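All remarks here apply to the structure that follows.
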Amino acid sequence: MTQLQTLTQRADFLRAARARRAPVPAFLVQARRRCESEGVDPQAIRVGFTCSKKVGNAVARNRAKRRLREVARAILPLEGRPGWDYVLIGKAGDTAAQPMETMRADLSRALRKLHR
RNA sequence: GCGGAGGGCCGGAUGGCCGCGGGGGGCAUCCCCCGAGGAAAGUCCGGACUCCCUGAAGCAACGGUGCCGGGUAACGCCCGGGCGGAGCAAUCCGACGGACAGCGCCACAGAAAAGAAACCGCCCCGUGCGCGGGGUAAGGGUGAAACGGUGGGGUAAGAGCCCACCGCGGGACUGGCAACAGGACCGGCACGGCAAGCCCCACCGGGAGCAAUGCCAAAUAGGGACCUCGCGUGCGCGUCACAGGGCCGCUUCAGCCCGAGGGGUCCGGGUUGGCAGCAAGAGCCCGCGGGCAAUCGCGGGCCGAGACGAAUGGUCAUCGAACCGGGGGCGACCCCGGGGAACAGGAUCCGGCUUACAGGCCCUCCGCGCAU
RNA sequence: GCGGGUAUGGUGUAAUGGUAGCGCCCUAGCCUUCCAAGCUAGUCGUGCGGGUUCGAUUCCCGCUACCCGCU
């Protein structure tokens, strides 16, 4: 199993935003394969989380990010691909309300779609 | 029992498994401990702590505060008191200094909106009956606001013109630390409102903010600081005197620097990363004592987050408030099923204020009704 | 973290403390064979809650939303 790394640089988020994306009811997934020139470990899977002010106040944003992290922790080490960056974006309401089982299944389906 | 007023507190609970942030022990897997709030929020005030600015005093400008006393590190906060207003009351509310320092404004209406004046009136005199001269401010109406009110005397008609009471102004003296209250006696009606208009008075205030600031490492580019030799004008050529300019907005005093370039030494600034700041504090709990209280003193005990794309989640079980449906009971209430918890999360820290908050608990007090 | 500004009909904007105007839009009528233009009339408003004042869009306080700086 590959260890997950967390995205922290704004530039990484901007590059991911220009890449492929897949919407599901509870959130939006962006994914891209990194270039060799970026100097990151080619075996690493990296993931970032974004919840804008549209999601709600600080409590709602933190709760949405925690649920996204839980989903990523369960699915990405098994179904994510080494050398790729993923960004999960929270939505107002749905990210906090959807059942976890549904969210895990949605992420699996979104990953299959993005890897094609 | 019904209605109301004030204050304090809680604000889902317990456990299993998989995970998250920090600390400690082993340092091989692993084990142990700790881990959001009363508002953590808004950033509206006050500080601590750092760095920056030559210093002191006065003045000016700008901003803030504004009844009195106390508390406090400080405050625009809190407590107590005074005054005014609301309420039957408990109690609540109040930007509550100054309108004889000056300026300004008071629309419309009205004769007149502020050193008073006189539209309709009333009265007297003159008269050529059109009115003219004079007295007056009781009556009329306007307005948010009209230059004391009521009654009597008085008068040509009237008027604090005079008198009584009320109001108003001054006020010896008394009580109180004070705000203020009472008030002998005097005056004889003058002194409209607005300072959340400018302003005056008293008091307070330097600027920036933990992304402050300090240290370390890497890589990059060529600006500043210090030391040394030396320097303006005058003459009687000296360890002399005299300027000039600059350093807080202004003034005074004190102090400092520049004014000539050459040589040498050292470092700043921007970028990225790490460490410190960074959590034992105006701290919390208990007891005793002072004080009406805010709060203060003493003694004992405790350690309760420290991240930096930023930690509390997922799942299961048990219990569970509001609320909904059904049933029983005169009623308080009880039983069954459903349901599944408000506002909201640290980012240097602390004291306040303000705003948001489902529901529940406790204490004290007031009014009305009933019973004794 | 520190600070500033704005909010007025559907829209863009005015208003020394004294009746909230103006252009476009919309509705109706006139004009025209019809449409457009033009003319006439009309509807629609001070972000919210308090306070000062006789009277508040304006002055003061507290919220809400949006926008903009600095670090």
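Predicted, not measured: the structure shown is a model, and the values here were computed from it. In what follows, chains are A, B, ... by sequence order, proteins preceding strands, each numbered from 1.
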Salt-bridge contact A:Arg46-A:Asp12 (side-chain N to carboxylate O under 4.0 Å): yes
Shortest side-chain distance from A:Arg104, nucleotide among B:G345, B:A310, B:G314: B:G314
Non-hydrogen atoms of A:Ala96 and A:Arg63 that approach each other most closely: CB-NE, 4.3 Å
d(CG, A:Leu7; P, B:C308) in whole Å: 16 Å
Nearest heavy atoms of A:Ala31 and A:Leu114, plus distance in Å: CB-CD1, 3.7 Å
Interatomic distance at C1', B:G325 relative to B:G12, whole Å: 25 Å
Chi-angle category of B:G263 [syn within 90° of 0, anti beyond]: anti
Paired nucleotide for B:C253 [Watson-Crick or G-U wobble; both distances under 3.5 Å]: B:G55
Conformer about C1'-N of B:G183 - syn within 90° of 0, anti elsewhere: anti
Nearest-nucleotide 5' precedence on RNA chain B, A:Met100 against A:Phe49: A:Phe49
Pairwise P distance for C:G62 and B:C78, with rounding to whole Å: 15 Å
Nearest-0.5 Å distance that lies between atom CG in A:Asp85 and atom CZ in A:Arg34: 4.5 Å
Pair partner, B:U150 [Watson-Crick or wobble, under 3.5 Å]: B:A164
Whole-angstrom distance between B:C17 and B:A358, as gauged at atom C1': 33 Å
Atom P, compared across C:U8 and C:G45: separation rounded to whole Å: 14 Å
A:Phe13-B:G309 aromatic stacking (under 5.5 Å, under 30°): yes
Check: A:Thr95 and A:Val55 side chains under 4.5 Å, non-hydrogen atoms: no
By salt bridge (Lys or Arg N to Asp or Glu O under 4.0 Å) - contacts of A:Arg104 (at least two apart): none
Rounded C1' spacing from B:G245 to B:G232 in Å: 12 Å
Any-strand Watson-Crick or G-U partner of B:G158, both distances under 3.5 Å: none
Pairing partner of B:C2 (Watson-Crick or G-U wobble, both distances under 3.5 Å): B:G367
Considering all heavy atoms, the nearest A:Ile45-A:Tyr86 contact: CG2-CE1, 3.8 Å
Any-strand Watson-Crick or G-U partner of B:A196, both distances under 3.5 Å: none
Nearest-Å distance once atom C1' is located in both C:G55 and C:C2: 40 Å
Complementary nucleotide for B:C288 - Watson-Crick or wobble, under 3.5 Å: B:G297
Any strand: nucleotide that pairs with B:C266 via Watson-Crick or wobble, under 3.5 Å: B:G224
Atom-to-atom span, CG of A:Asn57 to P of B:A342 - whole angstrom: 13 Å
Anti or syn - B:G130, cut at 90° from 0: syn
B:G82 and B:G64, which share atom name C1', separated by this distance in whole Å: 26 Å
Syn-anti status, with the boundary at 90° from 0, for the nucleotide B:A36: syn
Chi-angle category of B:U29 [syn within 90° of 0, anti beyond]: syn
Residues in contact with RNA chain B, drawn from residues 60-76 of chain A - heavy-atom cutoff 4.0 Å: A:Asn62, A:Arg63, A:Arg66, A:Arg67, A:Arg69, A:Glu70, A:Arg73
With sequence neighbours excluded, residues passing side chain to side chain contact (heavy atoms under 4.5 Å, CB included) with A:Arg109: A:Asp106, A:Arg112
Short N-O contact, A:Glu70 and A:Arg67, less than 4.0 angstrom: no
Who pairs with B:G12 - Watson-Crick or G-U, where each distance is under 3.5 Å: B:C319
Euclidean distance for C1', B:C201 against B:A99 (whole angstrom): 14 Å
